[in-house]
Amino acid sequence: MLDIKFIRDNVELVRESLKKRNSDFDFEGFLALDEKRRRFIKEIDLLREEQNKTNSQVSALLKAKKNPKEKIEEVKAVSRKVSEIEAEFRKVKDEFGNQLLNIPNVPHSSVPVEANKVVRSQGKLRKFKFKPVNHIDIAQHLDIIDFKRSSKVAGSNFSLFKGAGARINRALINFMLDLHTKKHGYTEVFPPFLVNRASMTTTGQLPKFEEDMYKLKHDDYFLIPTAEVPVTNVYRDEVLDEKQLPVCFASYTACFRRESGSYGKDTRGLVRVHQFDKVELVKFVKPQDSYKELDKLLADACKVIELLEIPYRVAVLSTQEMSFAAAKCYDIEIYAPGIDKWLEVASCSNFGDFQARRGNIRYKDKKTGKNAFLHTLNGSGVALARLIVSIIENYQEKDGSITIPKVLRGYLDGKRRITK
RNA sequence: GGAGAGGUGGCCGAGUGGUUUAAGGCGGCGGUUUGCUAAAUCGCUGUGUGGUCAAAAGGCUGCACCUAGGGUUCAAAUCCCUACCUCUCCGCCA
């Protein structure tokens with residue numbers, strides 16, 4: 001959420017950034033609504049002032065044991081008028097609040113407008129002496145992922161890991177959590193996978209993207225699309241001490257995505273599934289530190305891929321590609337030779353105070369003694385399903401087996417290969 | 001799921017319709033005292049929002065805020081309704 005005062009003081013900037021995002025938000029209508037809202041506030045406050053004053057005269061008369069009837073009639077009239085106007089005002093206020101929640105974040109000035117820009121490429125693509133096979137065929141051959149039965153149990157675009165497949169999934173989670181908590185200074189948290197409406201609103205999934213979310217029918221709960229939601233909301237409606245910052249959390253959760261409307265593209269195998277595992281990194285930082293922290297966050301995520309020895313590239317997302325709440329966002333893509341595609345496995349974003357404002361997450365600034373909104377960031381560190389696609393396809397051997405990446409062997413009883 | 005008790009400021013806690021302008025305490029900030037520390041003592045103390053003045057820091061002023069949202073009333077922390085949350089007991093349960 002943007003600060004209404006910021007919007008009023010920077011009308012041009014906000015108008016421009018909406019344009020850069022290709023947003024269809026009716027900004028001029030919103031500004032007019034704000035005007036209207038403020039006129040209401042002024043009018044109601046003036047009437048209330050009158051009401052309060054006359055009311056204390058009633059009190060004084062009662063105290064002096066005099067008859068307050070005349071004054072009561074007077075204040076009755078004002079009171080009636082206030083409730084009439086308030087009824088109208090409530091509509092305006094609600095509409096205003098709703099529209100404010102639908103304005104996307106203002107992109108940072110360094111974010112490209114035209115197209116995503118690759119800022120870094122690392123690792124060499126493997127040269128195969130045979131034609132690389134896709135992960136689906138390899139996994140089925142080794143009997144480590146059973147897509148047929150996951151469809152039976154749940155539906156299409158789910159997965160069922162089995163044997164070494166399940167082990168490697170668990171090994172990856174442990175490897176990433178260990179790396180981030182032991183080497184990168186994050187604290188591990190394990191949150192609820194179901195969250196309420198307020199939490200989904202803080203991080204920006206609601207109100208605009210409710211249709212994209214899995215929702216329970218009988219309770220007002222949502223399945224989390226990412227650990228970002230529960231973990232960012234850990235400090236909702238709280239004031240942190242400046243000394244606590246930065247707070248860095250690493251969190252494993254399953255992630256649930258409806259992916260409606262995406263049928264037909266990348267729907268085979270593990271590339272686009274309704275449920276996958278992810279280790280997420282979330283930071284709460286002082287505003288002046290947030291871009292420095294974004295770089296560190298990105299480096300922490302890249303480290304995972306580097307240790308797994310998979311080629312990757314990093315792109316800054318353009319204003320049009322960037323998500324609703326982000327001010328700046330890097331995507332990490334890894335190569336999958338079997339399907340010959342670059343896959344997004346991580347997205348590292350700085351949200352500025354956008355989420356903090358929606359969730360009322362503040363810190364006490366020691367210098368000014370005031371409460372201020374802090375900045376939130378998060379990044380995948382990293383998402384599992386597509387990572388497994390890339391591992392299977394990059395580490396495949398001609399005989400149909402898979403070599404286990406060195407850093408994972410310790411988590412798999414020292415095993416070096418997955419064979420049939 | 002059933003029965004009951006609760007939710008008050010950064011924290012504890014008083015307050016059952018009209019100087020509540022939320023007592024008192026703790027904490028925090030500042031002053032005095034002091035060789036230093038501690039103690040004592042005095043003062044100050046939250047958030048949001050509108051208007052206005054100011055280059056700004058901020059000042060002045062109005063309104064709202066006692067979990068949230070409705071309602072009753074001239075007037076609500078206080079009465080009523082609903083939701084959420086916490087606690088106790090019972091039931092069910094990995």
Side-chain angles (χ1 to χ4, degrees), chain A residues 1-10 30-101 190-202 206-207 215-216 218-222 230 233-245 247 284 353 356-374:
Chain A
M1 181 165 71
L2 301 181
D3 182 7
I4 182 59
K5 283 183 200 149
F6 173 85
I7 296 174
R8 257 184 250 142
D9 293 343
N10 299 278
F30 171 77
L31 290 176
L33 188 66
D34 180 43
E35 285 274 332
K36 194 170 171 189
R37 176 184 141 265
R38 280 186 292 161
R39 278 201 303 275
F40 267 117
I41 291 173
K42 200 171 173 182
E43 190 180 2
I44 289 172
D45 282 0
L46 280 171
L47 284 171
R48 280 227 182 97
E49 185 179 3
E50 192 187 333
Q51 187 184 351
N52 289 343
K53 279 184 179 152
T54 317
N55 240 334
S56 41
Q57 289 172 5
V58 173
S59 289
L61 286 173
L62 281 172
K63 205 154 188 233
K65 305 230 154 78
K66 289 183 185 157
N67 189 350
K69 191 154 184 256
E70 213 173 288
K71 286 288 168 194
I72 285 181
E73 286 308 316
E74 204 176 302
V75 75
K76 224 179 205 174
V78 180
S79 174
R80 201 174 303 124
K81 200 166 172 192
V82 169
S83 20
E84 273 166 33
I85 300 172
E86 260 186 336
E88 287 175 65
F89 172 60
R90 199 170 298 153
K91 282 184 229 154
V92 172
K93 192 182 72 179
D94 289 350
E95 176 60 18
F96 172 81
N98 192 49
Q99 286 197 21
L100 196 57
L101 286 174
F190 187 69
F193 289 10
L194 266 60
V195 294
N196 57 32
R197 192 166 279 275
S199 292
M200 291 291 265
T201 305
T202 296
L206 297 186
K215 194 185 163 200
L216 299 201
H218 298 293
D219 300 283
D220 204 18
Y221 290 132
F222 297 84
N233 278 278
V234 164
Y235 290 127
R236 169 153 52 82
D237 291 319
E238 290 193 35
V239 181
L240 304 190
D241 198 322
E242 186 176 336
K243 280 181 294 205
Q244 288 176 261
L245 303 179
V247 174
F284 302 83
D353 65 3
R357 204 177 279 284
R358 291 165 86 98
N360 193 28
I361 311 171
R362 295 172 296 172
Y363 76 104
K364 189 170 272 302
D365 187 305
K366 192 106 179 119
K367 241 180 240 160
T368 62
K370 297 251 180 210
N371 296 337
F373 293 111
L374 45 71

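Side chains included, hydrogens not; waters and symmetry mates left out as well; all remaining heavy atoms used. Within every chain, numbering begins at 1; the chains are lettered A, B, ... in the order of the sequence lines, protein sequences first and strands thereafter. Since the structure is predicted, the reported quantities are computational estimates derived from the model, not experimental observations.
- Summarising the base pairing, B:U45 is matched to B:G27 through a Watson-Crick or G-U wobble pair whose two defining distances lie under 3.5 Å.
- A:Asn52 comes within 4.0 angstrom of the backbone, heavy atoms only, and of no base.
- Within the 4.0 angstrom heavy-atom criterion, no nucleotide atom of any strand lies near A:Arg80.
- Looking at heavy-atom distances under 4.0 Å, A:Arg357 makes no contact with the nucleic acid at all.
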TODO: Take A:Ile4 and A:Phe30, measure what side chain to side chain contact (heavy atoms under 4.5 Å, CB included) needs, and give me the verdict at the end.
DONE: CA-CA 11 Å; A:Ile4 182 59; A:Phe30 171 77; 3.8 Å; yes
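- Using a 4.0 Å heavy-atom criterion, one finds that A:Arg39 contacts no nucleic acid atom at all.
- Rounding to whole angstrom units, CD of residue A:Glu242 and P of B:G28 are separated by 17 Å.
- Residues A:Arg236 and A:Gly359 come closest through the heavy atom pair CG-O, 3.2 Å.
- When heavy atoms are screened at a 4.0 angstrom cut-off, A:Ile41 is found touching the sugar-phosphate backbone but no base atom.
- Among the atoms of the strands shown, none is found under 4.0 Å from any heavy atom of A:Arg197.
- Both A:Asp3 and A:Arg90 lie near RNA chain B, and the one whose nearest nucleotide falls closer to the 5' end is A:Asp3.
- A gap of 23 Å separates the P atoms of B:C44 and B:C63, to the nearest Å.
- At least one side-chain heavy atom of A:Arg197 sits under 4.5 Å from a side-chain heavy atom of A:Lys215.
- Across all strands, A:Lys5 comes closer than 4.0 Å only to sugar-phosphate atoms, never to a base (heavy-atom distances).
- You'll find the side chain of A:Leu374 stays beyond 4.5 Å of the side chain of A:Tyr235, heavy atoms only.
- Nearer to the 5' terminus of RNA chain B, by closest-nucleotide assignment, is the contact made by A:Val239 (compared with the other of A:Lys76 and A:Val239).
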